[in-house]
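Heads up: the structure comes next, in structure tokens.
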There are 2 protein chains.
Amino acid sequence: MPETDNTEARILEAAKQVFYRKGLDGARMQEIADEAGINKAMLHYYFRTKEKLFDKIFLEALGKILPKIATTLGSDAPLAEKFDVISGYYHDLLLSTPYLPVFVVQTLQHNPDRLLQFIITQSGINPAETFGKFLMQIQQEVALGNIRPIDPRHLVLNLISMCVFPFMMRPMFIRIIGMKDEAFEAFVNERRHLVPQLIMQSIQPDQPPPD
Amino acid sequence: MPETDNTEARILEAAKQVFYRKGLDGARMQEIADEAGINKAMLHYYFRTKEKLFDKIFLEALGKILPKIATTLGSDAPLAEKFDVISGYYHDLLLSTPYLPVFVVQTLQHNPDRLLQFIITQSGINPAETFGKFLMQIQQEVALGNIRPIDPRHLVLNLISMCVFPFMMRPMFIRIIGMKDEAFEAFVNERRHLVPQLIMQSIQPDQPPPD
DNA sequence: AGAGAAATTAACCACTTGGTTAAACCATGT
DNA sequence: ACATGGTTTAACCAAGTGGTTAATTTCTCT
């Protein structure tokens, strides 16, 4: 009785490759089977339908993206550290899986309801709660005069935008700038620290706080 | 001899709606025909194949995205004005066509070569040249002590990221934050001016320049 | 070794897909 | 009126799609 079956794992890995690159509509079951080196019927034997197999991949993808940022924002660490952690996490993640963000974003554009399914079933996190904690931290720092008043939603969105968007633009960016793949990875590695620095700088108060 | 045929325009409009929302693979010719209120055979009569029709839509989409930023960056306007113009342009564009960025990015992930086709055939702009002009402007301002030294590629990428990415995240964002559509549009309208402000602030020198 | 269950395969199926075709329609000029 | 050209339609088609099935191989336990 093979619990973590080898075939099942190979199917999931192959499905990930194909779905990430081509999306639900563009992927072919035959292609996934070929990539896994097995018969097409096996896909339906392990995962009944294409959609079921896709859901497995997609929910796993969301699991890589959402919980980390939620728990980090809701932690007790100081602001600067949170930004560093989030930027580092996303840069590591997207350097190893560059197709991930477009895959997620295109899937949600085609069918936004898949997200709710994730929030309900997976992810034990409560977005409102963790975000509320982060909001309180901001308010405290503002009250202390350590940072200027700012909408935390903009703050987080700016951070994530600058971390993730460059990977979505990669195919366009490297062709317009005329950049090799290694150069892009070096370039984006600079951003790993540039982005949180910029975010921190953007919330510094106009004049330094009195001692 | 109808030059700007009504039917052709209706097809293009319908194709835009469907392709933007579902991408090349997800779109069905029948659905485009229904949306245009015509027979499916008409699509092939005006545009021979699905790909040809898609290319028309996609190249038009790139035309909305690329030339504006290129000409703006290459103009003689001061930096702050350039950032204002670009942010305003993208916010206007994406408020009216929210599906555009994911459509472009997903198309380029599936087939990056379509971009080269655009750069060659369309767009009379030379990326290297216009970007070189922008680079010189940065170097001048740095030499004058008006801004701190910064890689212009990061600068532009940060600007575009914070303008465009929120629209890609919209389906996820509004469901996690629990936001109505109108609230999102108000929220993103705040960013229209917040983003260029943040960008300008990020390049201010550490101490103000001597008079 | 051999029975029984699980895994794997090849062949097949109903249906959808993009695309075609031939006939019908309609406008215009003579 | 009618010939001519572009336009529109309904019916059709071959290829590809996700999915099924029944038979075969492989594994496991006694």
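First the proteins, then the strands, lettered A, B, ... as listed; each starts at 1. Here the structure is a predicted model, which is why all the values come from computation and not from measurement.
No hydrogens or angles considered: nothing links the side chains of Gln137(B) and Glu141(B) as a donor-acceptor pair under 3.5 Å.
Between dA7(C), dG18(C), dG18(D), one nucleotide has an atom nearer to the side chain of Tyr46(A) than all others, and that is dA7(C). Candidate nucleotides dG19(C), dT8(C), dA10(C) were compared by shortest atom distance to the side chain of Tyr45(A), and dT8(C) ranks first. With dA7(C), dT9(D), dT9(C) as the candidates, the nucleotide lying closest to the side chain of Ala41(B) is dT9(D). Taking every side-chain heavy atom of Ile38(B) into account, dT9(D) is the closest of dT9(D), dT9(C), dG19(D).
Side-chain N/O atoms of Lys40(A) and base N/O atoms of dG19(D) include a donor-acceptor pair closer than 3.5 Å.
Going from atom NE2 of His44(A) over to atom C1' of dA11(C) covers 15 Å, rounded to whole Å. The CE atom of Met29(B) sits 6 Å away from the P atom of dG19(C) (whole-angstrom rounding). To the nearest angstrom, C1' of dA6(C) lies 15 Å from CG of Asn6(A). The NZ-P distance, from Lys50(A) to dG19(D), rounds to 8 Å in whole Å. In this structure, CE of Met42(B) is placed 10 Å from C1' of dG6(D), rounded to the nearest angstrom. Between Glu51(B) atom CD and dG18(C) atom C1' there is a gap of 11 Å when expressed in whole angstrom units.
Aromatic rings of Phe103(A) and Phe54(A) (six-membered ring for Trp) have centroids within the 6.0 Å cut-off, being under it.
Ion pairing between a basic and an acidic side chain is recognised when a charged N comes within 4.0 Å of a carboxylate O; Arg170(B) and Glu185(B) show such pairing.
Residue Tyr99(A) places its OH atom among 12 or fewer non-hydrogen atoms of other residues, nucleotides or ligands, all under 6.0 Å distant.
Among the protein residues, Ala27(B) comes within range of the sugar-phosphate backbone only, with heavy atoms under 4.0 Å from sugar or phosphate atoms but none that close to a base.
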